[in-house]
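For ligands, and for the atoms within them, numbers begin at 1 and follow the listed sequence.
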Amino acid sequence: MSINLANGVRDRLRIAIQKSGRLSEPARALLASCGLSWRESRDRLFCYGETLPVDLLLVRDDDIPGLIADGVCDLGMVGRNVLMEQAADREQRDIAPAYREWRALGFGGCRLDLAVPESWDWTGAEQVAGKRIATSYPGLLAQWLRSRAIEADIVNLSGSVEIAPRLGQADLICDLVSSGATLAANQLKPVETLLRSEAVLAGPAAAFGDVRAELAELLLRRLDGVLKIRDSKLLLFQAPRAAVPGLLELLPDAEAPTVTSIDGSDRLALQALCHGAVTWQRLEDLKRAGAAALMVLPVERMLA
Ligand code: PRT
Ligand code: ZN
């Protein structure tokens, strides 16, 4: 298979995802649930789209914003932290942001936090003035410091940020945190959140001027359907007519239900799409409020 990676007008859509790492499997799974499938090339860097003209480029996550900016890829799935760090860097160098976040994807969640040695008494952001802060996110950290008019030294490290205070390279750190276990293992504690991050779909700032516009629109429609139903369940139950208003109050996250009357009785059958978790607790609350024959069904696909 010959692959033309040149820029310009194209009739296929090219999406960059992480080759290997935290985001690679969930990104593939999400695209697969949008009905995409691929033929893998031998070098496993490029996957040719079979069901739709949508190809994958497997790269390091840090390369994704640049690939979109350069027009080598049309879209990318990358952490908001990476996208915004590179946008901050472009801003600092007076380069226009060539990409933007199109959708939040609901996986790869983490925070960019300031963390200090556990022995510190944290009194507030001004405490970092004049201190050395180790980070791999110098652009976002500089923005945050500027927004608070705080001056501090940024120690730019590409990895192992969390051991910098113990090595005497820095006084505190600014790094990604998910469970907090890494901070705890290094006797650090989180004190401020600079950014809440998750994987996002990034695309160009300007619209596509060719067939890729339709492909991107189709993909977004499917993606929205998948994201919307990810935590959604179809709830079926029966209830006496008089109990229905009270029951609907217990379902604030449900869309307007379909209501059917049951012949020859005062009872109604209801069907409601719920967008939040339908836990045992919620089912028990509904039962107490008059619902019966409760059933929770998974939703496989939805097209609004
Ligand atoms: O090779 P490539 O450059 O593509 O991969 P990478 O090593 O740069 O990235 P990878 O796979 O580690 O992370 C990809 C993306 O996952 C990040 O850009 C974030 O958007 C997201 N993500 C989510 C995380 C974390 N959670 C996370 N916990 N990225 C990194 N971490 C690290 C963090 O840096 C720290 O070292 O995990 C440690 C903290 O984890 P906890 O659970 O101990 O708090
Ligand atoms: Zn990376």
Non-hydrogen atoms of [X] and [Y] that approach each other most closely:
| X | Y | answer |
| --- | --- | --- |
| G21 | S24 | O-OG, 3.1 Å |
| A16 | C73 | CB-SG, 3.7 Å |
| L188 | P165 | CD2-CG, 4.1 Å |
| L236 | Q271 | CD2-CG, 3.6 Å |

Quick one: nearest non-hydrogen protein atom to [atom], plus distance?
| atom | result |
| --- | --- |
| atom 38 (C) of ligand 1 | T182 OG1, 3.6 Å |
| atom 42 (O) of ligand 1 | S179 OG, 2.6 Å |
| atom 1 (O) of ligand 1 | R60 NE, 3.6 Å |
| atom 8 (O) of ligand 1 | D61 OD1, 3.3 Å |
| atom 26 (N) of ligand 1 | C110 CB, 3.5 Å |
| atom 24 (C) of ligand 1 | R22 CD, 3.4 Å |
| atom 6 (P) of ligand 1 | Q18 NE2, 3.9 Å |
| atom 35 (C) of ligand 1 | L176 O, 3.6 Å |

Counting only heavy atoms not in [X], do more than 12 fall under 6.0 Å of its [atom1]?
| X | atom1 | result |
| --- | --- | --- |
| R166 | CZ | yes |
| E255 | CD | yes |
| E217 | CD | no |

Within the 4.5 Å heavy-atom criterion, are [X] and [Y] side-chain neighbours or not?
| X | Y | answer |
| --- | --- | --- |
| L31 | I15 | yes |
| S197 | C110 | yes |
| L283 | K287 | no |
| F46 | D55 | yes |
| V82 | P65 | yes |
| L172 | V128 | yes |
| P204 | W102 | yes |

Taking 4.0 Å as the limit for heavy-atom contacts, which would you say applies to [X] with ligand 1: side chain only, backbone only, both, or neither?
| X | result |
| --- | --- |
| V82 | side chain |
| V78 | neither |
| V161 | neither |
| N81 | side chain |

Would you mind running through ligand 1 and noting each atom that sits below 4.0 Å from a heavy atom of [X]?
| X | answer |
| --- | --- |
| A181 | 43 (O), 44 (O) |
| G79 | 20 (O) |
| G21 | 11 (O) |
| G109 | 23 (C), 26 (N) |
| V177 | 44 (O) |

Query raised in the report: Hey, is atom 29 (N) of ligand 1 touched by any protein heavy atom at less than 4.0 Å?
Result: yes
Query raised in the report: What residues join I163 in its hydrophobic cluster, counting side-chain heavy atom gaps under 4.5 Å, either direct or through other members?
Result: L167
Query - Shell of protein N/O/S atoms around the Zn ion (ligand 2), taken as anything under 2.8 Å - result: D61 OD1, D62 OD1
Requested in this report: Determine the sole option in T193, D175, L195, L194 for which the side chain to side chain contact (heavy atoms under 4.5 Å, CB included) test with R111 is passed.
Outcome: T193
Requested in this report: For atom 34 (O) of ligand 1, state which one of D175, V200, I64 supplies the nearest heavy atom.
Outcome: D175
Requested in this report: Say whether A184 and ligand 1 are in contact under the criterion: heavy-atom distance to a ligand atom below 4.0 Å.
Outcome: no
Query raised in the report: Is there a nitrogen or oxygen of G180 sitting under 3.5 Å from a nitrogen or oxygen of ligand 1?
Result: yes
